[in-house]
2 protein chains.
Amino acid sequence: MKEQNISERLLDVATKRFATTGYNGTSLSAIATEVGIKKPSLLYHYRSKEKLRSAVLNRVFEHWNDELPRILKLATSGEDRFDGLVGEVVRFFVRDPNRARLILREMLDRPAHLRKRMDDYLGPYISILSDYIQKGVERGEVRADVQPRAYVLHVIQMVVGGIATADSLGASSIDLHMNEIVRIARSSLFIDQHRTQELQTK
Amino acid sequence: MKEQNISERLLDVATKRFATTGYNGTSLSAIATEVGIKKPSLLYHYRSKEKLRSAVLNRVFEHWNDELPRILKLATSGEDRFDGLVGEVVRFFVRDPNRARLILREMLDRPAHLRKRMDDYLGPYISILSDYIQKGVERGEVRADVQPRAYVLHVIQMVVGGIATADSLGASSIDLHMNEIVRIARSSLFIDQHRTQELQTK
DNA sequence: CCTACCGATCGGTAGG
DNA sequence: CCTACCGATCGGTAGG
C-alpha cells in the first residue's frame, strides 16, 4: 500500500499542491522536490505542466466514476435510502477534501473545460437521479415544485463547496455541517410524511 | 458615472482579473496595460501586489457591509419576507458574479485569512439571522431540527458557489437555478404551513 | 506617470 | 534520472 512508482507519487503530490495552492500557484520544481527528484525528471513522466494537470483531473473523475455506480445502487427507492446516498457522496469528499478543492478550482479556472468533463463523467448519473426525483413526484413523495436537474446540481455543489471551504467558514465540527447539509437536501426534496401522518390520525 | 480616477480603475480591473484568472494567474503588467499605464505606475498607486489584493477584497466586503443593513430590514418577520431577503442576496451577487468568484477563490487560497475577514464583516449579521431562526423555531414556524448557524452559512455558500460556478454547471438559465436555490432554502427552513392548514381543515 | 533595470523563478529543452 | 542551460516573465526598485 505504501510502495508506489514515481509517476503515481508525482500525481499524489501534484493533486495535493494544485488543490491547496492552485495550478498557477504551484511550480513543477516544488512538486518534483517533494517527491525527491528534479524538475527535468518530472518532465520525463509528464511532458508538460498541462499534461500533469489533465492526469490529476482524470484520476479524480475516474475515482468518482468507479464509486458512483456502487453508490447509486443505494438509491433505488425513496426517502429511506436518500440519506445513505447523500451520505456516501459526503463521505467521498470528506475522505479527501482535496478532491473537492480541485474541482472547485477547476470550475473557476476553466469553466468550459470542466463543463465538458462534468457532462462526460457525471452527465448520465445526474440524469438517472433526475429521473428518480421525477418518479418520486409522480408517487406523491417528492415536492411537485422541485426542479430535478437544478436540485441535484445545487446539492452536489453545496457538498463540494462546503467541504472545500470548510476551513474558511467557522466549520468547528465538520460532522455538524455535513448533517445540516443532508437535512437541507432531504427536507427540501420530500413532502414531510411524518407531519402528514400525525395530522391525518388526529 | 464614467469618470473614475486611475486608482479606482485599477481596482476595477484587478477585481475582474483576480476573479477570473486568480491572484497567481494575474500579472501586474496585465492589469496596468488594461488601464492604459505601465506596471511601475501601478506600483505607485498600490505599493505591492499584496496591497492591491487587500484593496480589492476590502472594497468587496465594504459593498457587502453597505448593503446588508438595508437588506436585513426586510427580514424582521417570518416566511413572507424570507424570499425577499434571500432574493436580495442573490441579486447582489448576480449583479456582479466576480464578487462571488473572488470570495470563493480567496476561501481556497487563504482560508485562515478570509475566515478572519468573514468574522469581522459578516459575523454580526450571521448572528442576527441565527437569532431570527431561533425565534422562528420557538414560534413553531421553523423546523425544530435546523442548525441556525450552519444553515445560514450553507445557504450563503449555495448562492455564492452557484453564481461563481454557473458557467461550469449547465446553468442554461441563471434564473431557474436561483429560483431552485431559494426554493431549497425556504422549504428546508419552514414547516410547511399550507399543507398543515389543508389537512387541519379537513 | 515613464524608461531602464534588477535578481529570482518560471516551464521547458539538450544531451547524456 | 541528472546537470546545465534557454528565453520569458515575474514583482519590484532607481531615478527622474
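These numbers come from the heavy atoms of this one structure, side chains and all, not from hydrogens, waters or symmetry mates. Throughout, protein chains are lettered first and strands after them, A, B, ... in sequence-line order, and every chain is numbered starting at 1.
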Quiz item: Between B:Arg186 and A:Asp145, is there a side-chain N and carboxylate O pair less than 4.0 Å apart?
Solution: no
Quiz item: Which heavy atom of A:Leu114 sits nearest a heavy atom of A:Ile103, and at what distance?
Solution: CD2-O, 3.7 Å
Quiz item: According to a strict under-4.0 Å criterion, is A:Ser27 in side-chain N/O contact with OP1 or OP2 of C:dT9?
Solution: no
Quiz item: What parts of residues 30-49 of chain A reach DNA chain C, counting only heavy atoms under 4.0 Å away?
Solution: A:Lys39, A:Pro40, A:Leu43, A:Ser48, A:Lys49
Exercise. Using a strict 4.0 Å threshold on nitrogen-to-oxygen distance, state whether B:Arg110 and B:Glu50 make a salt bridge.
Key: yes
Quiz item: Going from CG on A:Leu10 to CD1 on A:Ile37, what distance comes out if it is rounded to the nearest 0.5 angstrom?
Solution: 4.5 Å
Quiz prompt | Value in whole Å for how far the C1' atom of C:dC10 lies from CG of B:Asn24 | solution = 12 Å
Exercise. Output yes when at least one side-chain N/O atom of B:Ser29 is less than 4.0 Å from OP1 or OP2 of D:dT9, else no.
Key: no
Quiz prompt | Consecutive-pair stems (at least three Watson-Crick or G-U pairs, under 3.5 Å) that include DNA chain C | solution = C:1-16 with D:1-16
Practice problem: For the residue pair B:His154 and A:His177, categorise the inter-ring angle as parallel (less than 30°), tilted (30 to 60°) or perpendicular (more than 60°). | Solution: perpendicular
Quiz prompt | From A:Phe93, A:Tyr121, A:Tyr125, residue fulfilling ring-ring contact (aromatic ring centres under 6.0 Å, His included) relative to A:Trp64 | solution = A:Phe93
Quiz item: In terms of the angle between their ring planes, are A:Phe18 and A:Tyr23 parallel, tilted or perpendicular, with boundaries placed at 30° and 60°?
Solution: tilted
Exercise. Taking A:Thr165 for its side chain and A:Ser168 for its backbone only, find out whether a donor-acceptor pair lies under 3.5 Å.
Key: no
Practice problem: Could you state the atom-to-atom distance from CG of A:Leu10 to P of C:dG11 in whole Å? | Solution: 14 Å
